[in-house]
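The block underneath contains the structure these notes are about, expressed in structure tokens.
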Protein chains: 2
Amino acid sequence: MTKKVTITDLAARAKVSVTTVSQILNGKAARFSSKTVEKVKQLQKEMGYVPDFNAQSLIRKSGRTIGVLVPNLNNPFFSRFLRGIEDEAIKQDYVPLIFGSNNSQEQETHYLFESVRRAADGMIIASAVSDINYIDNILNQNGIPYILIDQAPVVKGDRVDANNEKGGALLADYLIKNGHTNVTVVCATKPTLNLQERLQGFVETYKKNGTPIPDANIITTDMTKKGGYDATAAALATKPNAIFAINDEVAIGLYRGLEEAGLKIPEDISIVGYDDIDLGEYIYPKLTTVHQPAFEMGTKAAQMIINRIEDQNEPIQQVSLPVSLVERDSVRAID
Amino acid sequence: MTKKVTITDLAARAKVSVTTVSQILNGKAARFSSKTVEKVKQLQKEMGYVPDFNAQSLIRKSGRTIGVLVPNLNNPFFSRFLRGIEDEAIKQDYVPLIFGSNNSQEQETHYLFESVRRAADGMIIASAVSDINYIDNILNQNGIPYILIDQAPVVKGDRVDANNEKGGALLADYLIKNGHTNVTVVCATKPTLNLQERLQGFVETYKKNGTPIPDANIITTDMTKKGGYDATAAALATKPNAIFAINDEVAIGLYRGLEEAGLKIPEDISIVGYDDIDLGEYIYPKLTTVHQPAFEMGTKAAQMIINRIEDQNEPIQQVSLPVSLVERDSVRAID
DNA sequence: AATTGGGATTAAACCGGTTTAATGCTTTTT
DNA sequence: AAAAAGCATTAAACCGGTTTAATCCCAATT
């Protein structure tokens, strides 16, 4: 409970001015005698002096903080994504301020304002909401740069995503190749852009194949395990021989639902997911899915927002990371 | 990119002093004429004035920030725990600064110092390390109160945990009741206190039952899915009829390992886990485990640290939340 | 009419730093 | 010997707020 040591205390004990201390501790020591430099550095250790963060940020006009908003802390995809952000941010001496909105627009708004209030230097946003105008309003008005994950910017802006259309197409091709012409999709009730794109890529591929997917075969639900589970009956009612779960969490729910319905994967029905969360390798049967480079999306997003923060005039970037098919055991070939 | 509005700007436009604006905006408006009050409030909206966080924190000597350190952002147990913290913190107008150390003491240390530097008002720590003296050193020296999750304080200090010994005992009783006298445990290589306690409760119960567990039946590995998977062979070598995975993640790994070994759960071997992550309900067969109130542990921890922050003299609290057995399908009765 | 009192407002100090523009002293240069 | 240059250091302004202790003005008391 020792009272906090300030730069003034340190200066007093060193019998120099605070300017001197400040300069030396910030490495602008060029013009100070090595005697003074040593004295100050020594005293810093001795007294355990740590510059006051708020005082520093106030005058530097930056706290090297990045606000990060994700819809769901629970989804392993986002955990990996967050790890990527943390990893890169730390390297560049930034700190992420992480918020999970639980898929609620109200909470998103709250956290957006909280980030503004805390003077985040920039934000990385994976919104759960499809209409993101309001984000731009809040952030732009406050001069906070941001980068969107998996969403199209309202106005021209930075963006990182993985190639969702491609991912959808990859899955469709694979399923078609394995003889599944009768598929149903379990998607979100209010799909965000990335989901729309996945769906689009998938559906288009089937159309091109001459085996279009009827609208009735698009089931909607929540993007959670429970959502997948709850959608089982509706999906089954369409009598598909394969189901495309728009993300892996939903696939997990479907696994359970199908098991309870007495159906065996992939003998009775095939399933594919999307994301490639690590769990996919552990469940039985192992899940065939599309790999999204979640970690890399995180590091890339962090790099980009830091660049933007430090140079507002950088050209706008829209980065689309590659995806790939992860072929495992949840699909069987039919004839 | 409109330059940030300061209180001075606002005061100028309102033709009053900054003192007036400050007072009014902080609700100390009692002595101001309603005309002035209205004018200021109106202008605040109009100009979109948000008080500078760092300036405010500097003088208030608090940024209402709670540092949170967890070993692993990936583990659903911690996701739920974090949600609990976030939930409670927000209510009390605090913001959690979340860090995941990836089970590395080096990173833990880094984040500890980062929290000090950022002037966290307090910390909630779920360390991955069993010897936590160093935490106390860093934090205590800087006058930052903290509360430990699932660890015993070095010196008398606040603590939240769930009743781990009880949980271990619960599992042991259940297994014994179902006729499993020959069990093996998969535990951490360097178990933190909570894991030691679980193990202790489990082992003691078996000992009391007159069927002690041989040391050879305690297998150690990493606390991840992969760790569980990797431990399969060693566990199987002890020829158990039931395995206690010290947490659910490990159990998931074991599920996969056992499947590959051609063993059926629970027909050929029974498994129990610990934590009750939501996944347990979805895998096949559903996992029997011990429920830890992760969310409540989070809210409780947040409440406690906030109390401590706001009143350093509060009596020290050690809260142990109740656990319960969740009986599902991964154990069969043998005779 | 002088004094008191209270309502409305603000000047000024302060929080803990950073930075710019001096200042004072030596040492060189001319 | 005076002017210029160089080195080491620091005074003072500033960042954007909060808070304490005035100050001002007008109505009410004595």
Side-chain angles (χ1 to χ4, degrees), chain A residues 2-41 43-44 47-65 93 116-121 142-143, chain B residues 2-41 43-44 47-65 93 116-121 142-143:
Chain A
T2 34
K3 203 153 167 305
K4 197 179 170 180
V5 183
T6 74
I7 196 173
T8 314
D9 302 337
L10 177 35
R13 281 221 8 215
K15 295 192 189 306
V16 298
S17 72
V18 297
T19 309
T20 302
V21 178
S22 175
Q23 305 270 41
I24 289 176
L25 262 28
N26 286 304
K28 308 186 174 161
R31 309 182 63 75
F32 290 93
S33 72
S34 58
K35 191 174 10 137
T36 311
V37 172
E38 281 320 305
K39 185 171 40 171
V40 168
K41 287 190 172 167
L43 238 31
Q44 171 184 30
M47 307 174 70
Y49 166 69
V50 180
D52 184 274
F53 173 75
N54 293 119
Q56 256 179 347
S57 304
L58 174 56
I59 193 161
R60 290 185 173 160
K61 296 190 183 309
S62 163
R64 298 186 85 79
T65 305
D93 194 26
V116 168
R117 208 169 67 84
R118 302 222 158 215
D121 297 305
N142 289 283
Chain B
T2 35
K3 202 152 169 305
K4 197 177 170 181
V5 183
T6 74
I7 197 173
T8 315
D9 303 336
L10 176 35
R13 282 227 1 220
K15 297 192 185 308
V16 297
S17 72
V18 299
T19 308
T20 303
V21 176
S22 175
Q23 303 270 41
I24 289 176
L25 263 27
N26 285 305
K28 306 184 176 162
R31 310 178 63 73
F32 291 93
S33 72
S34 58
K35 190 168 21 125
T36 311
V37 172
E38 282 318 308
K39 185 170 43 170
V40 168
K41 287 191 172 167
L43 239 31
Q44 172 184 31
M47 307 175 69
Y49 166 69
V50 181
D52 184 276
F53 173 75
N54 292 119
Q56 255 178 348
S57 305
L58 174 56
I59 194 161
R60 290 183 174 161
K61 295 190 182 311
S62 163
R64 298 186 84 79
T65 304
D93 195 25
V116 169
R117 210 169 65 83
R118 302 223 158 216
D121 297 305
N142 288 282

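The structure displayed is predicted, hence computed values, not measured ones. Values below: every heavy atom of this structure, side chains too, minus hydrogens, waters and symmetry copies. Below, chains carry the letters A, B, ... as their sequence lines are ordered, and counting in each starts from 1.
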Interatomic distance where CD1 belongs to A:Ile7 and P belongs to C:dC15 [whole Å]: 14 Å
Atom-pair distance (NZ on A:Lys61; P on C:dG17), nearest Å: 18 Å
Minimum heavy-atom distance B:Asp121-B:Lys61, with the two atoms named: OD1-O, 4.3 Å
Candidate pair A:Asp52 and A:Thr6, rule side-chain contact (heavy atoms from CB on, under 4.5 Å), full reasoning: CA-CA 8 Å; A:Asp52 184 274; A:Thr6 74; over 6 Å; no
Under 4.0 angstrom between A:Gln56 side-chain N/O and C:dT18 OP1 or OP2: yes
Contact check, side chains of B:Arg118 and B:Thr65, non-hydrogen atoms, under 4.5 Å: no
Nucleotide C:dT18, atom C1' - distance to CD1 of A:Ile24 in whole Å: 14 Å
OP1 or OP2 of D:dT9 under 4.0 Å from side-chain N/O of A:Ser17: no
Backbone N/O of B:Phe53 and side chain of B:Ser57: donor-acceptor pair under 3.5 Å: yes
Short side-chain N/O contact from A:Thr8 to OP1 or OP2 of C:dG16, under 4.0 Å: no
Side-chain N or O of B:Arg31 closer than 4.0 Å to phosphate OP1/OP2 of C:dA8: no
Contact state string [nucleotides 19-26 of chain C, B base, S sugar-phosphate only, - no protein heavy atom under 4.0 Å]: BB------
Short side-chain N/O contact from B:Lys35 to OP1 or OP2 of C:dA8, under 4.0 Å: no
Working for side-chain hydrogen bond (donor to acceptor under 3.5 Å, both in side chains), residues A:Ser17 and A:Thr20: CA-CA 5 Å; A:Ser17 72; A:Thr20 302; 3.0 Å; yes
Candidates C:dG16, C:dT9, D:dG17 - which lies nearest the side chain of A:Thr6: C:dG16
B:Tyr49 side-chain N/O to D:dG17 phosphate OP1/OP2 under 4.0 Å: yes
Between C:dG17 (C1') and B:Asp52 (CG): distance, integer Å: 14 Å
Value in whole Å for how far the C1' atom of D:dG16 lies from CZ of A:Phe53: 15 Å
Candidates C:dG17, C:dT10, C:dG16 - which lies nearest the side chain of A:Leu58: C:dG16
Protein-nucleotide distance (A:Leu10, atom CG; C:dT18, atom C1'), rounded to Å: 15 Å
Sugar-phosphate, base or nothing in reach of B:Thr36, heavy atoms under 4.0 Å: sugar-phosphate
Whole-Å distance separating the CZ atom of B:Phe32 from the P atom of C:dA8: 9 Å
Nearest heavy-atom neighbours spanning A:Val40 and A:Leu10: O-CD1, 4.4 Å
OP1 or OP2 of D:dC15 under 4.0 Å from side-chain N/O of B:Lys4: no
Nearest-nucleotide comparison on DNA chain C, the residue closer to the 5′ end among B:Ser34 and B:Ala55: B:Ser34
Nucleotide C:dT18, atom P - distance to CG of B:Asn54 in whole Å: 13 Å
Stepwise side-chain contact (heavy atoms from CB on, under 4.5 Å) test for B:Leu25 and B:Tyr49: CA-CA 10 Å; B:Leu25 263 27; B:Tyr49 166 69; 3.6 Å; yes
Shortest non-hydrogen separation from A:Arg64 to A:Asp93 and the atoms involved: NE-O, 3.1 Å
